[in-house]
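Worksheet for the structure shown next.
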Number of protein chains: 2
Amino acid sequence: MQKPRQTTIIDIARALRVSPSTVSRALHNHPSISAATKRAVLEMAEKFDYQPNLLALSLLNKKTGIIGIVVPEITGYFFATVISGVQDMVSSAGYKLLICQSNESFEEEKKLLQDMALLRVDGVLISPTFRTKTFDHFDRLKNAGIPLVIFDRDCPNYKADKVLVDSYDGAYQAVEYLIKTGRQHIAHIAGPIAFPTFKQRLDGYLHAHYDNNIPIRSELIVYSDGFSSDYGVDALEKLMICNKKLDGIFAVNDAVAIGAMRVIREKGYRIPEDISIVGFDDESYAQYYFPSLSTVWQPVYELGMLSAKILLDHFANKEPRESYRYEVLKPELVVRDSSPPLY
Amino acid sequence: MQKPRQTTIIDIARALRVSPSTVSRALHNHPSISAATKRAVLEMAEKFDYQPNLLALSLLNKKTGIIGIVVPEITGYFFATVISGVQDMVSSAGYKLLICQSNESFEEEKKLLQDMALLRVDGVLISPTFRTKTFDHFDRLKNAGIPLVIFDRDCPNYKADKVLVDSYDGAYQAVEYLIKTGRQHIAHIAGPIAFPTFKQRLDGYLHAHYDNNIPIRSELIVYSDGFSSDYGVDALEKLMICNKKLDGIFAVNDAVAIGAMRVIREKGYRIPEDISIVGFDDESYAQYYFPSLSTVWQPVYELGMLSAKILLDHFANKEPRESYRYEVLKPELVVRDSSPPLY
DNA sequence: TTCCCCTACGCAAACCTTTGCGTTAAGCCG
DNA sequence: CGGCTTAACGCAAAGGTTTGCGTAGGGGAA
């Protein structure tokens, strides 16, 4: 399909028998252009429906006005909401957002960052894959002069601007709450602890026990290979099989919690009378579940806004920065019917 | 921050004391370059970590390799999954995806399409705002030679490639199922019927009644101004207030259904014994709700794949097309515990 | 009248790559 | 040894825009 040529500054120049530079200056209201010429140019631009060619501009200015964001997945409340926050922030600053998902594939992540470098995006926000252990592809971006902000998922030992949520604190709050409301036998359905985020949640669970002088029973900790609802089902079946004493559950996230609740109910236990349960993430459905699910809320939208803000600050500061920002946002426990204050 | 200059083809040329054209040809394995020169160029390119400048290429070739997609919102299962489908399809064809959300704002939609035109994306996928009644901004894209595919939300009377889901059919299936399983007094919580999609679901509800000789009781139809869970709560309270006879509900979507279920339970009715309920969309949480929610599943991922496919076909066909594709995908009723086959 | 200055504009480079066409030199044949 | 072919490469334009610098011409002042 033959693309109709967009009208250019040169077309206008030719029509008016002036030079392209004059047209350019007229369009930018440059002082050294006469009012008459300006009027003529504006009029002609209107008539031809002139649109500046952003590609040519990008090539010239070495900036594209595009910010890239790479997330592991876009389906799901968490990242979708982060993206909303980022979108609102960057678009108010006049930038466009190039959203990509890595599908938790390290190879994909590398390829996407490579693409972004080729496209000459002005900056990149990234929440790395759980499998991301090396960071050469990050360094390549930096070497190309493209600032990088890492959010949500930490890369220990890697120097960069970071915006994280304190998973440890959220887990600690949740478990301590369960203890304070009288639960003594609290299980934890852990995610794959190779992932820092899940490890932190486990640590929060453990320390809440220490600090409250509750002995830890290792048979109450189930290590899952994933973090979807199905893993919650599996975990609960393991816990139930030995008929262990159990009156509380802290699940690594809401999806797992909901899988667990299903099994609890099927086995004839009551929530929250017999077993009190708390999830993590505050997915949109948590409040509508029955019983409504207590969970740990994270400032997701703010996470997106702040990450974007830090990136934008980079553009303002012309000087290369020597230190890195390191921001940790605090989550909050949301108490609902699945774990009432007193019973 | 001073961007370090990326090494260009000219740098390599200078280092080897040849012309840029020779370097370009060597990199593309052009036959009229000697093997020795090619080897030298490749080596130098490797050494300098040369990356071609996509902006210059885009300017030259008048194609960017970017496909734009505009959705009303990115948060939520439906569009996130569509995007996944699109992403998989276009990236396998070597395109990058520029994702934007209009937040159901018509002005925003116009602005985004304008941006995409300026960026010279190669094609655009769009699911219009509910408020989109005029289509000049679509025409501008087409006039600029940028193909356009509309998905999910129809624009009646507007000529373009379209990929839709048959909402009417889904609603009809749901309501007929409720009738066949013995329900006689079925309410419908409608969305804003100014929106074609919701109007179709209402029509499906009505025609299922006609065809099965069940009289329609207009007091059982509640017209909502929105389609979040809160509207389900409001609607049910309206229905309950007059103590109408009621043994089934078809909700315009899952979120509304879940709001409704909450009220039903609070009023002391049982689901599904007293009231059978079916939603629409098959949100991820529907199967985990309690009781699990019957709903209408839509081939969302396929919707994304197909829309992207049609756009890609456009690029292949050099001829301008005179006719438009019009694809309608069929949804499927998913029966779960909220509306058992027999009771 | 002469000189200067300012207004209003044009030229050309730069950003990077591709490609049609022209050019050089070597090699071969007669 | 002259003329031809061909291998191997260079030139320059094109894509669209911005911008520093140069310049023409007119008007005012001395």
Side-chain angles (χ1 to χ4, degrees), chain A residues 2-42 44-45 48-66 117-122 144-145, chain B residues 2-42 44-45 48-66 117-122 144-145:
Chain A
Q2 189 65 0
K3 294 223 181 204
R5 239 177 49 78
Q6 291 283 107
T7 85
T8 76
I9 221 170
I10 303 183
D11 298 326
I12 301 180
R14 229 178 329 240
L16 261 49
R17 303 182 173 281
V18 295
S19 79
S21 11
T22 301
V23 176
S24 172
R25 281 188 259 255
L27 290 173
H28 291 79
N29 204 25
H30 191 280
S32 78
I33 300 292
S34 73
T37 309
K38 278 181 190 167
R39 216 175 319 114
V41 168
L42 265 323
M44 198 57 82
F48 283 176
D49 189 29
Y50 167 75
Q51 308 284 2
N53 186 321
L54 249 49
L55 290 174
L57 279 179
S58 301
L59 185 59
L60 195 61
N61 300 330
K62 296 173 164 304
K63 64 189 296 287
T64 51
I66 302 180
L118 291 183
L119 261 180
R120 303 294 203 275
V121 299
D122 293 339
Chain B
Q2 189 64 0
K3 295 225 181 204
R5 241 177 46 79
Q6 290 284 106
T7 86
T8 76
I9 222 170
I10 303 182
D11 300 324
I12 300 181
R14 222 169 346 228
L16 262 49
R17 303 180 172 285
V18 296
S19 80
S21 10
T22 302
V23 176
S24 173
R25 280 189 258 253
L27 290 174
H28 290 81
N29 204 24
H30 192 280
S32 78
I33 300 293
S34 72
T37 309
K38 279 182 190 167
R39 215 173 321 114
V41 168
L42 265 322
M44 197 58 81
F48 284 176
D49 189 29
Y50 167 75
Q51 308 284 3
N53 186 321
L54 248 51
L55 290 174
L57 280 178
S58 300
L59 184 58
L60 198 59
N61 301 331
K62 294 173 166 304
K63 67 189 294 285
T64 53
I66 301 179
L118 291 184
L119 261 181
R120 303 296 203 274
V121 299
D122 293 339

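We name chains A, B, ... by the order of the sequence lines, and we start the count at 1 in each one. In this text the structure is predicted, and so the values were computed from the model without any measurement.
Distance from the side chain of T22(B) is smallest to dG10(D) among dG16(D), dT19(D), dG10(D). Each of dC9(C), dC16(C), dT17(D) was ranked by its minimum atom distance to the side chain of I33(A); first place goes to dC9(C). Here the side chain of H28(A) is nearest to one of dG16(D), dC16(C), dT18(D), namely dT18(D).
Considering only side-chain N and O atoms, S34(B) lies under 4.0 angstrom from the phosphate OP1 or OP2 of dC9(D). In this model, the phosphate group of dC11(D) is not approached by any side-chain N or O of S19(B) to a distance below 4.0 Å at OP1 or OP2. The side chain of S24(B) places an N or O atom within less than 4.0 Å of a non-bridging phosphate oxygen (OP1 or OP2) of dT18(C). Contact annotation: K62(B) reaches the phosphate of dG16(D) (side-chain N/O to OP1 or OP2, under 4.0 Å). A sub-4.0 Å separation between OP1 or OP2 of dT17(C) and a side-chain N or O of Y50(B) is present.
Counting to the nearest Å, the C1' atom of dT17(D) and the CG atom of L60(A) are 6 Å from each other.
If you check distances only, the side chain of R25(B) does reach the base of dG10(D) with a donor-acceptor pair under 3.5 Å. One cannot find a donor-acceptor pair under 3.5 Å joining the base of dC9(D) and the side-chain atoms of T37(B). Below the 3.5 angstrom threshold, one finds no donor paired with an acceptor across the side chain of R17(B) and the base of dG10(D).
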